[in-house]
Protein chains: 2
Amino acid sequence: MELTLQIRMNEKLFLRNPEETELGREILLHSIVLIHKTGFELFTFKKLAEKIGTTEAGIYRYFENKHRLLVYIVSWYWSWLEYKVMVHTNNIKSPEIKLKKIIQILATEVKDDVQTTHVDERLLHEIVRMEGAKAYLTRHVTEDNKQRLFKPYKDLCGTIAAIIQECNPKYKYPRSLSSTIIEMAHYQNFFMRNLPSLTDFGNIKDDGKVIGFLENLVFASLYPLKRK
Amino acid sequence: MELTLQIRMNEKLFLRNPEETELGREILLHSIVLIHKTGFELFTFKKLAEKIGTTEAGIYRYFENKHRLLVYIVSWYWSWLEYKVMVHTNNIKSPEIKLKKIIQILATEVKDDVQTTHVDERLLHEIVRMEGAKAYLTRHVTEDNKQRLFKPYKDLCGTIAAIIQECNPKYKYPRSLSSTIIEMAHYQNFFMRNLPSLTDFGNIKDDGKVIGFLENLVFASLYPLKRK
DNA sequence: TATTTTTAAATAGTAATACTATCATTGTAA
DNA sequence: TTACAATGATAGTATTACTATTTAAAAATA
């Protein structure tokens, strides 16, 4: 038995569904490789086209522009992560253990997932760490948001917020804490690797350190038995 | 008596010091206005040149490219903020009250500072909120960091970390907590205004909400008297 | 089977961007 | 007076981010 994972993407993200054609899947596969290699600003449709043996116009038939393509692959990542979270927390009763598991998933280096053929999740994780924020840090966030382009991210945030609330129904900031965890899982990792003095982890590239920090942050917030 | 605040910027940030000439000051003044208006991706030296009645080449004499200009104004902001933090915490004994003051400064809407002539701090604050991360989220972070372009940000982070450590010398993550506060002061505000479901603050644009969240986060982390 | 219609690929073209280079002019310091 | 730094004006280039047109292949219909 062979299972493959299909993620249904928001239709506003593309002009022609890239999952449905060979060329489309090539675009997804190699855009991830290329963005990972050059960074988003130096990434162009022309370079991508050359790499996969098609033309610029060919890619424009699938994606309106490179920003939409970024939002597509980043959204794909969040959807995949939500699925992963679901699978790994499904059989866990305790919301605390669920939360720990989630923090671990968020902050840990990813391995390529064999269930998906045309996406390298390890590269994609690194892209999201570096370029993810650029998906929404634009002048057109509001319109993009109206088109529900960020739904996967918001859904994941909501899922985690619900578990936070399970841990402590009286905690006042479940969503903000959730988005803080998600962002910081990426940023602290990025800082550790590139601007280590913004962290306490030196330059040792140890995911465990970030996990320790996030667990401390979250559980201290959720269970503050007394205060000064 | 009239005081003006001069911030000495890293010389690697510019080709010709913009503070020293009329044209240079015009560039700083109007780049802030223009980036605020169009967003960083649509901002070009040509548009800026037209606005201040010079030519593209004129601006290239001051800044190597628009990314350097962004790093310049963002760094200026962090230096200014560090100065502001210094002034407002100087006479405070208690590190806890210092921290609260800092959180308030970080998360509150800024008024234009009359001490500086050619910078509108209110606009700059909004720019940093939206574009600040783009200063370091690039392929060339490492080289930029070697040139010490991010020193003001790192210094501010260090200053706050020191106060955190004063509050609780045993706390293990002063720097990471510090960078978390700084980033989240901006991000939670950005989310509140643009993607409110990532926060618990609705769409009410009330800085106080973000301050409440951050204070809760920080002090819970620093004073966790007991834990599950 | 021939013909039409749809779909996709290839080619070409454009306006704007991100620069670089050159040379003339003006104002200031030696 | 001269020199020299700063600006201004003009031009030019490679690349980017697209659009439009034409051409060819595939699918549907007569």
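These numbers come from the heavy atoms of this one structure, side chains and all, not from hydrogens, waters or symmetry mates. Small disclaimer: the values here were computed from a predicted structure and weren't measured. Chain letters run A, B, ... following the sequence lines, proteins first, then strands; residues in each count from 1.
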State whether [X] places a side-chain N or O below 4.0 Å from either non-bridging phosphate oxygen (OP1 or OP2) of [N].
{"X": "B/T21", "N": "D/dT7", "value": "yes"}
{"X": "B/K66", "N": "C/dA18", "value": "yes"}
{"X": "A/R61", "N": "C/dA9", "value": "yes"}
{"X": "B/Y62", "N": "D/dT7", "value": "yes"}
{"X": "A/R16", "N": "C/dT7", "value": "no"}

Whole angstrom is fine here: how far is it from [atom1] in [X] over to [atom2] in [N]?
{"X": "A/Y60", "N": "C/dA10", "atom1": "OH", "atom2": "P", "value": "17 Å"}
{"X": "B/K47", "N": "C/dA15", "atom1": "NZ", "atom2": "C1'", "value": "13 Å"}
{"X": "A/H67", "N": "D/dT16", "atom1": "NE2", "atom2": "P", "value": "19 Å"}
{"X": "B/L48", "N": "C/dC19", "atom1": "CG", "atom2": "C1'", "value": "15 Å"}

So which one's nearest nucleotide on DNA chain D is more toward 5', B/E56 or A/L42?
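Final value for this comparison: B/E56.
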Can a salt bridge be assigned to the pair B/R25 and B/E22 using a cut-off of 4.0 Å between side-chain N and carboxylate O?
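Salt bridge between B/R25 and B/E22, a charged N being under 4.0 Å from a carboxylate O: yes.
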Decide, yes or no, whether a salt bridge links A/D144 with A/R68 under the criterion of side-chain N to carboxylate O below 4.0 Å.
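Salt bridge: yes.
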B/A57 side chain: which of C/dT17, C/dC19, C/dA21 is closest?
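So the nucleotide nearest the side chain must be C/dA21.
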Minimum-distance nucleotide to A/L23 side chain [options: C/dC19, C/dA9, C/dT17]
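When the side chain of A/L23 is considered, C/dA9 is the closest of C/dC19, C/dA9, C/dT17.
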Using only atom types and a distance under 3.5 Å, with no angle test, would you say the side chain of B/K154 pairs donor to acceptor with the backbone of A/L195?
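Looks like no, no N/O pair under 3.5 Å.
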For B/T55, report the nucleic acid contact type (base, sugar-phosphate, nothing); a contact means any heavy atom under 4.0 Å.
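The answer is base, as B/T55 lies within the cut-off (heavy atoms under 4.0 Å) of a base atom.
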Looking at B/R139, I want to see if its CZ is surrounded by more than 12 non-hydrogen atoms of other residues, nucleotides or ligands under 6.0 Å.
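Yes, because the 6.0 Å sphere around CZ of B/R139 holds more than 12 heavy atoms from other groups.
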